[in-house]
K.L.:
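My questions all concern the structure below.
Because the structure is predicted, anything quoted here is derived from the model rather than measured.
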Amino acid sequence: MSTLVPEEVVLVLDFGSQYAQLIARRIREQGVYCEIVSYLTPIETLRERSPRGLILSGGPCSVYADQAPLCDSELFRLGVPVLGICYGMQLGCQTLGGKVGPADSREYGRTRMQVLETDPLFTGLEKEQTVWMSHGDAVSELEGDFQVLATSDHSPYAAVRHASEPFYGLQFHPEVSHTPGGAQVIRNFLIEICGLRGDWRMTDFRRVAVEACREQVGDAHVVLGLSGGVDSAVVAALVHEAIGERLHSIFVDNGLLREGESDQVVEAFSAYEHFDLTRVDATDQFLDSLAGVTDPEEKRKRIGHVFIEVFEEAAKAFPDVKFLAQGTLYPDVIESVPAHGGPTAKIKSHHNVGGLPETLGFELLEPLRYLFKDEVRMLGEELGLPESILWRQPFPGPGLAIRIAGDITRDRLTVLRQADTIVRQEIDAAGLTRKLWQSFCCLVPVQTVGVMGDERTYEDLIAVRAVESADGMTADWARLPADLLDRIANRVIGEVRGVNRVVYDITSKPPGTIEWE
């Protein structure tokens with residue numbers, strides 16, 4: 001897509017931050033196109049890209065450490081505005097003459113910041129701001145070329161700018177929702193300091209993505225694993241718009257879907273004219289492979305291996321296929337592998353990221369790789385997909401296998417499906433489905449004592465999970481009404497055989513993940 005991107009581009013240099021993608025998302029929310037690149041990107045490449053602004057992400061390392069990730073120091077002298085966030089600020093200050101070391105008092109979480117100087121970066125903001133800090137290091141000394149813009153109780157240099165180079169540094173994180181004025185700070189950097197128009201829209205991305213798809217694929221054919229989820233559905237619509245009948249979609253029913261979902265997938269896409277869809281029922285193969293497996297990573301691996309085998313066999317029906325299309329999103333990439341050569345820690349594996357192209361011999365086509373879930377829905381609206389598909393809550397590729405802690409059996413799948421159906425029905429009846437990022441339940445391998453009628457029971461535990469989020473990178477547990485939770489619990493215990501207790505998960509992300517496994 002690099003030859004088709006808009007004239008106004010901002011590049012985010014990733015130093016290993018878990019939130020580099022959040023920075024990119026905040027930039028796009030302001031109508032500015034951006035891409036994430038490695039901190040190792042050569043200065044010549046940066047010049048060729050002609051960015052209108054550069055943002056340096058945070059990161060887990062110390063800038064003074066022997067193996068610290070460092071960028072070319074010439075970056076700060078390109079004449080392009082640079083905004084350093086946390087690690088990025090410390091790196092910029094150290095490069096331009098300041099000193100960085102362990103902070104006397106580390107800051108984690110919300111803190112109050114006082115803006116000292118009038119500056120375009122803080123246009124429209126009050127002198128006192130709540131900001132989110134997360135650092136153990138800090139700038140300890142600055143030369144006269146720096147101006148201090150803001151301070152906090154434990155950060156004398158909470159925000160700075162350089163007098164002669166267009167460099168700004170923020171010790172706090174403006175990209176997270178915990179910094180209420182953060183979006184305005186980012187907008188000020190883009191509009192007031194970089195001089196951008198902020199007129200990029202999803203319509204532009206659609207045009208660019210369709211053209212890029214045609215350019216990459218040429219006259220070849222493409223195969224797609226269609227799950228019925230938002231991501232694969234939007235990929236299917238986008239690639240179909242680009243190359244028409246040369247897209248071949250394969251729906252592998254792994255037996256791990258929710259109640260009635262398999263038929264819904266087929267019905268939804270059979271209505272599209274000239275849409276080539278093949279359905280393969282591989283339930284037995286998947287469940288046989290999962291028998292006796294309790295480790296969540298092993299579950300994912302086995303599901304991935306079986307999926308490859310089934311998909312590969314089905315794909316043989318299309319000998320002209322050269323490309324494999326996937327609905328990989330930014331969160332998939334950042335949570336699966338170190339991003340862009342940076343030192344990001346791996347959190348969990350995703351069976352739909354990596355491996356498939358090498359195994360199947362196809363080239364990879366990932367038109368959504370740099371989008372977040374909400375942006376994917378916006379693109380789906382542009383492509384005319386129905387709301388029933390666009391507003392389907394995120395559902396993991398391994399399906400119910402990672403919502404059943406412990407062994408996967410047909411009986412346990414039945415219990416979870418019945419409980420999950422009740423949760424979805426009650427959430428929908430309460431009008432909360434579209435307000436929640438995800439709402440579901442898990443079957444926990446713990447049996448508890450209960451009393452039903454006059455008899456003692458010793459049965460399964462169902463955990464209900466509902467979270468609010470904008471992109472899945474961070475999430476807060478949803479404060480569901482007590483009467484709604486009461487209805488869910490009563491129905492699950494009353495209608496699902498083998499369950500006598502329901503609990504509600506009140507863990508946010510971080511420290512937990514959205515899924516249980």
K.L.:
Quick check against the 3.5 Å criterion: does Tyr87 have a side-chain atom that pairs as donor or acceptor with the backbone of Pro69?
P.N.:
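Yes, Tyr87 side chain to Pro69 backbone: donor-acceptor pair under 3.5 Å.
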K.L.:
Answer yes or no: is there a donor N or O on one side and an acceptor on the other, between the side chain of Arg501 and the main chain of Leu461, under 3.5 Å?
P.N.:
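Checking the backbone N and O of Leu461 against the side chain of Arg501, no donor-acceptor pair under 3.5 Å is found.
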K.L.:
Would you say Asp483's side chain and Asp486's backbone share a donor-acceptor pair under 3.5 angstrom?
P.N.:
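Side chain of Asp483 to backbone of Asp486, a donor-acceptor pair under 3.5 Å: no, none is there.
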K.L.:
Pick one: which of Leu365, Leu238, Val222, Val235 meets side-chain contact (heavy atoms from CB on, under 4.5 Å) with Cys213?
P.N.:
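Only match with Cys213 under side-chain contact (heavy atoms from CB on, under 4.5 Å): Leu365.
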K.L.:
Using every non-hydrogen atom in the two residues, find where Glu298 and Asp295 come nearest and quote the distance to one decimal.
P.N.:
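Taking every non-hydrogen atom into account, N-OD2, 2.9 Å.
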K.L.:
Between Asp263 and Arg279, does a salt bridge (charged side-chain N to carboxylate O under 4.0 Å, His left out) hold up when you go through it step by step?
P.N.:
CA-CA 10 Å; Asp263 291 336; Arg279 176 181 181 176; 3.3 Å; yes
K.L.:
Are Gln393 and Arg424 linked by a side-chain donor-acceptor pair shorter than 3.5 Å?
P.N.:
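Looking only at side-chain atoms, Arg424 and Gln393 do not form any donor-acceptor pair under 3.5 Å.
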K.L.:
To the nearest 0.5 Å, what is the distance between CD on Glu312 and NZ on Lys316?
P.N.:
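Between Glu312 CD and Lys316 NZ, I get 6.0 Å after rounding to 0.5 Å.
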K.L.:
Ignoring hydrogens and angles, state whether a donor on the side chain of Thr414 or Arg497 is under 3.5 Å from an acceptor on the partner side chain.
P.N.:
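No.
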K.L.:
Quick check for you: to the nearest 0.5 Å, what is the distance between Glu517 atom CD and Ile404 atom CD1?
P.N.:
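Result: 9.5 Å between the selected atoms.
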K.L.:
For the pair Trp132 and Ser177, evaluate side-chain contact (heavy atoms from CB on, under 4.5 Å) and give the outcome as yes or no after the intermediate values.
P.N.:
CA-CA 9 Å; Trp132 183 266; Ser177 60; over 6 Å; no
K.L.:
State, with a plain yes or no, whether a side-chain heavy atom of Thr111 is found less than 4.5 Å away from one of Val131.
P.N.:
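Contact flag for Thr111/Val131 side chains = yes.
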K.L.:
Relative to the ring of Phe275, is the ring of His240 parallel (under 30°), tilted (30 to 60°) or perpendicular (over 60°)?
P.N.:
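Judged by the thresholds at 30° and 60°, the geometry between His240 and Phe275 is tilted.
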K.L.:
Could you tell me whether the side chain of Ser227 reaches within less than 4.5 Å of the side chain of Phe395, counting heavy atoms only?
P.N.:
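No; the side chains remain at least 4.5 Å from each other.
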K.L.:
Hey, are Lys435 and Glu468 close enough for a salt bridge, meaning a charged N less than 4.0 Å from a carboxylate O?
P.N.:
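Here Lys435 does not pair with Glu468 in a salt bridge, since their nearest N and O are not under 4.0 Å apart.
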K.L.:
Got a donor-acceptor contact below 3.5 angstrom from the Gln184 side chain to the Gly181 backbone?
P.N.:
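Side chain of Gln184 to backbone of Gly181: no pair is present.
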K.L.:
Are the side chain of Lys373 and the backbone of Asp231 linked by a donor-acceptor contact shorter than 3.5 Å?
P.N.:
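Pair absent, no side-chain N/O of Lys373 close to backbone of Asp231.
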K.L.:
So that I can tick it off, tell me whether Asp276 and Arg246 are bridged by a salt bridge, with the cut-off set at under 4.0 angstrom between side-chain N and carboxylate O.
P.N.:
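Judged by the 4.0 Å cut-off on N to carboxylate O distance, Arg246 and Asp276 do not form a salt bridge.
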K.L.:
Does a side-chain heavy-atom distance below 4.5 Å link Val499 with Glu459?
P.N.:
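Side-chain contact under 4.5 Å: no.
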K.L.:
Do Ile408 and Leu400 make a side-chain contact, defined as non-hydrogen atoms from C-beta onward lying under 4.5 Å apart?
P.N.:
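Result no, sub-4.5 Å side-chain heavy-atom pair not found.
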K.L.:
I'd like to know if the side chain of Arg377 reaches the main chain of Leu390, judged simply by a donor and an acceptor atom lying under 3.5 Å from each other, with no hydrogens or angles considered.
P.N.:
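Indeed, once roles are kept as given, a pair shorter than 3.5 Å links the two residues.
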K.L.:
Distance from Phe318 atom CZ to Thr278 atom OG1, nearest 0.5 Å?
P.N.:
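With rounding to 0.5 Å, CZ (Phe318) is 3.5 Å from OG1 (Thr278).
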K.L.:
Are any side-chain N or O atoms of Thr179 and backbone N or O atoms of His173, one a donor and one an acceptor, separated by less than 3.5 Å?
P.N.:
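Yes, the answer is positive, given that a donor and an acceptor are paired below the 3.5 Å cut-off.
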K.L.:
Does a side-chain heavy-atom distance below 4.5 Å link Arg465 with Ser439?
P.N.:
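A side-chain contact under 4.5 Å is absent here.
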K.L.:
Taking all non-hydrogen atoms of both residues, which atom of Thr283 and which atom of Gly255 are closest, and how far apart?
P.N.:
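Answer, listing the atom of Thr283 first, then Gly255: OG1-CA, 3.4 Å.
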K.L.:
Going from OH on Tyr19 to OG on Ser134, what distance comes out if it is rounded to the nearest 0.5 angstrom?
P.N.:
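Going from OH on Tyr19 over to OG on Ser134, the span is 7.5 Å.
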K.L.:
Check whether any side-chain N or O of Arg434 sits under 3.5 Å from a backbone N or O of Leu432 as a donor-acceptor pair, and report yes or no.
P.N.:
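The answer is no, because no donor-acceptor pair under 3.5 Å joins these two groups.
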K.L.:
Check the side chains of Asp411 and Thr409 for a donor-acceptor pair under 3.5 angstrom, ignoring hydrogens and angles.
P.N.:
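Distance-only check fails for Thr409 and Asp411.
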K.L.:
Decide yes or no for Ser262 and Phe251: does some side-chain heavy atom of the first lie under 4.5 Å from some side-chain heavy atom of the second?
P.N.:
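When only atoms from C-beta onward are counted, Phe251 and Ser262 do touch, with a gap below 4.5 Å.
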K.L.:
Do Val176 and Thr474 touch side chain to side chain, with heavy atoms closer than 4.5 Å?
P.N.:
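No - every pair of side-chain heavy atoms lies 4.5 Å or more apart.
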K.L.:
Is it true that Asp284 and Arg410 make a salt bridge, defined as a side-chain N closer than 4.0 Å to a carboxylate O?
P.N.:
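Here Asp284 pairs with Arg410 in a salt bridge, since their nearest N and O are under 4.0 Å apart.
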K.L.:
Considering non-hydrogen atoms only, spot the tightest contact between Ala183 and Gln30 and give its length.
P.N.:
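Looks like O-NE2, 3.8 Å.
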K.L.:
So, are Glu297 and Lys301 salt-bridged, with charged N and O less than 4.0 Å apart?
P.N.:
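Judged by the 4.0 Å cut-off on N to carboxylate O distance, Glu297 and Lys301 do not form a salt bridge.
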K.L.:
Just by distance, no angles: are the side chains of Ser508 and Asp476 close enough, under 3.5 Å, to form a donor-acceptor pair?
P.N.:
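Indeed, the side chains of Ser508 and Asp476 share at least one donor-acceptor pair under 3.5 Å.
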K.L.:
Where do Trp391 and Thr433 land on the side-chain contact (heavy atoms from CB on, under 4.5 Å) test, with the steps shown first?
P.N.:
CA-CA 9 Å; Trp391 290 99; Thr433 301; over 6 Å; no
K.L.:
Are the side chains of Phe205 and Leu371 in contact, using a 4.5 Å heavy-atom criterion?
P.N.:
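A side-chain contact under 4.5 Å exists here.
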K.L.:
Got a donor-acceptor contact below 3.5 angstrom from the Arg187 side chain to the Gly198 backbone?
P.N.:
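Checking the backbone N and O of Gly198 against the side chain of Arg187, no donor-acceptor pair under 3.5 Å is found.
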K.L.:
Please step through side-chain contact (heavy atoms from CB on, under 4.5 Å) for the pair Ile488 and Tyr504, ending with a clear verdict.
P.N.:
CA-CA 10 Å; Ile488 289 174; Tyr504 187 54; over 6 Å; no
K.L.:
Would you kindly say whether Glu259 and Thr421 are connected by a side-chain donor-acceptor distance under 3.5 Å?
P.N.:
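No pair is found: no donor N or O on one side chain lies under 3.5 Å from an acceptor on the other.
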K.L.:
With a 4.0 Å cut-off, would you call Arg25 and Glu29 a salt bridge?
P.N.:
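Here Arg25 pairs with Glu29 in a salt bridge, since their nearest N and O are under 4.0 Å apart.
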K.L.:
Determine, for Glu515 against Arg403, whether the closest basic-nitrogen to carboxylate-oxygen distance falls under 4.0 angstrom.
P.N.:
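Between Arg403 and Glu515 there is a salt bridge, with a charged N closer than 4.0 Å to a carboxylate O.
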K.L.:
Under the side-chain contact (heavy atoms from CB on, under 4.5 Å) criterion, do Leu443 and Ile462 qualify, and how do the steps go?
P.N.:
CA-CA 5 Å; Leu443 180 58; Ile462 286 289; 3.9 Å; yes
K.L.:
Determine the minimum heavy-atom distance between Ala314 and Val280, stating which atoms define it.
P.N.:
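In terms of heavy atoms, the two residues are closest at CB-CG2, 4.0 Å.
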K.L.:
Taking all heavy atoms of Leu13 and all of Ser38, pick out the closest pair and write down the distance.
P.N.:
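That closest heavy-atom pairing would be CG-O, 4.1 Å.
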K.L.:
What is the distance from atom CD of Glu382 to atom CZ of Arg201, rounded to the nearest 0.5 Å?
P.N.:
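Here the rounded value is 11.5 Å.
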K.L.:
For the backbone of Ser57 and the side chain of Asp14, can you confirm whether one donor and one acceptor N or O come within less than 3.5 Å of each other?
P.N.:
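Answer holds: no.
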K.L.:
Please report the closest heavy-atom contact between Pro60 and Gly16, naming both atoms and the distance.
P.N.:
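Closest approach of Pro60 to Gly16, heavy atoms only: CD-O, 3.5 Å.
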K.L.:
To the nearest 0.5 Å, how far apart are CG in Leu485 and CZ in Arg479?
P.N.:
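Between atom CG of Leu485 and atom CZ of Arg479 there are 12.0 Å.
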